[in-house]
Amino acid sequence: MSKESRMRATINQKLTEMGERERLKELLRAKLTECGWKDQMKAHCKEVIKEKGFEHVTVEDLVVEITPKGRALVPDSVKKELLHRIRAFLAQHAT
Amino acid sequence: MKMEDMPLSGPDNTKLEALVHDIYSELVEDACLGLCFEVHRAVKQGYFFLDETDQESMKEFEIVDQPGVDIFGQVYNQWKNKECECPNCKRLIAASRFAPHLEKCLGMGRNSSRIANRRLASNNNMSKSESDQEDNDDLNDNDWSYGAEKKARKRKSDKNQNSPRRSKSIKHKNGELGSSVSSEPYKYNYNTGISYETLGPDEVRSLLTTQCGVISEHTKKMCTRPSLPDADTVVESDSFDIPDGQTLMSRLQWEDSPDISPADSASSKASTNHSDSRRPKKKKRPSLGLNSGGGGSLTGGGGSSSSSSQSNISLSTKKKRPKLSAPSISSIYDDLN
């Protein structure tokens, strides 16, 4: 377990240090906007806000409502591509 | 600690896969959080709902997604096949051609007046030449070329008659010479455009006593400059050799040109006939007029001996003033006849 956790920690560290994490983030954001995921989520937000009353809505409200739906709505193509890139990085740098 | 690359061994692989998925989930959550913060800020700042208006307007301007229609719900080729009735000629015209048709039909456009004028002009020409052509065709098929020539010549003469140049020259001549003299030269011009042989000797003498009479080789027209009465220069002109005189003449004439005043030179450049017509009025330098007349005849028809005689006379005119001798000229032309 500790090996695994150490391994994880190392990889995460590498991801961040080498800037791969940032790159992956940007890639994901771009892809999600491209495929319309962002607009979908915004529409859902509107509903939530209208529901809760927009004067008093908090970030937490939104997060709770949005995140599960967001995770589910990510298109498969985007998901596959991201996974592929992460695996490639690990293959390169997990020594 | 040893890290493994991507072996296909069971447990490690799953662990790696799990790791990959974990990293992926982290990234997705990050994206969602970012969106939430963005939306929340927009709501609190009040710009989240700006693209929304009342329900009525929303429905009115909804995006249309039907076939054959654009997103505003308009049909784009609606007027393609429609026909309109022209109020002028009562014909059915296609919509896209309606405006240009109206322009021509009502005669109000920029091009319609141009086309109408052109048509009128060609109609006049056609009506004249068509009658000629018909006559020729009736007579003989071989005359077809002649008919065309006649047509062409007639057209050309028409053109010349209407051109501003001709009217200008007419005005010019009339103004300078006076009516009596001007009417005569034009009559003679057309007749003697061919040759002196058509006129009788008496006619030629009378003609040449009043006018210069040199035929230009270019225009086949007779010089209608009125001859001057002084006949004293006959003695001097005989002293010059004719062949030498010609070359001397040309040389002297070229030398003379700087002496010519600007007004004179301009007129001499314009037309020898018309510049000569001015000479009798001016008493200052009639020699120049003679020179230009001589020069004109030299350049125009250097071949005829009349030009040499003229040049002789003009050479002598430098010393004396009015030089042209009518009897000498008529004697030369009598020789020709």
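Letters go in sequence order (proteins before strands), and every chain restarts at 1.
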Next item on the list: Return each pair, listed once, that meets side chain to side chain donor-acceptor pair (under 3.5 Å) where at least one residue sits in residues 26-36 of chain B; pairs must be two or more places apart or across chains.
Entry: A:Arg21-B:Glu26, A:Lys25-B:Asp30, A:Arg71-B:Glu29

Check: Do other residues, nucleotides or ligands put more than 12 heavy atoms under 6.0 Å from the CZ atom of B:Phe72?
Finding: no

Check: Counting only heavy atoms not in B:Asp70, do more than 12 fall under 6.0 Å of its CG?
Finding: yes

Checklist line | Selection from B:His21, B:Glu38, B:Lys44, B:His40 maximising heavy-atom pairs under 4.5 Å formed with chain A | finding: B:His40

Margin query: Non-hydrogen contacts under 4.5 angstrom with chain B: give the residues of residues 37-44 of chain A involved, or none if there are none.
Written below: A:Trp37, A:Lys38, A:Met41, A:Lys42

Looking at [atom1] of [X] and [atom2] of [Y], how far apart are the two atoms once the value is rounded to the nearest 0.5 Å?
{"X": "B:Leu27", "Y": "A:Lys79", "atom1": "CG", "atom2": "NZ", "result": "13.0 Å"}
{"X": "B:Ile23", "Y": "A:Arg87", "atom1": "CD1", "atom2": "CZ", "result": "11.0 Å"}
{"X": "A:Glu4", "Y": "B:Leu19", "atom1": "CD", "atom2": "CG", "result": "8.0 Å"}

Note to self: How close do B:Cys32 and A:Gly70 get, counting heavy atoms only, and between which atoms?
What the structure shows: SG-CA, 4.2 Å

Next item on the list: Tabulate, in ascending numerical order, the residues of residues 93-106 of chain B having at least one heavy atom closer than 4.5 Å to a heavy atom of chain A, or enter 'none'.
Entry: none

Pairs under 3.5 angstrom only: tabulate donor-acceptor contacts from the side chains of residues 50-61 of chain A to other protein residues two or more places apart or in another chain.
unit_1	atom_1	unit_2	atom_2	d
A:Thr58	OG1	A:Asp61	N	3.3
A:Thr58	OG1	A:Asp61	OD1	3.4
A:Thr58	OG1	A:Asp61	OD2	3.1
A:Asp61	OD2	A:Thr58	N	3.3

Margin query: Between B:Leu33 and chain A, with a heavy-atom cut-off of 4.5 Å, which part of the residue counts as in contact: side chain, backbone, both or neither?
Written below: side chain

Item checked: Segment of B:Leu35 engaging chain A (4.5 angstrom heavy-atom cut-off) -> side chain

Next item on the list: Among A:Val74, A:Leu32, A:Ile49, A:Ile66, single out the residue with the greatest number of heavy-atom pairs under 4.5 Å to chain B.
Entry: A:Ile49

Check: By a 4.5 Å heavy-atom criterion (distance strictly below it), what part of A:Lys46 contacts chain B: side chain, backbone, both, or neither?
Finding: both

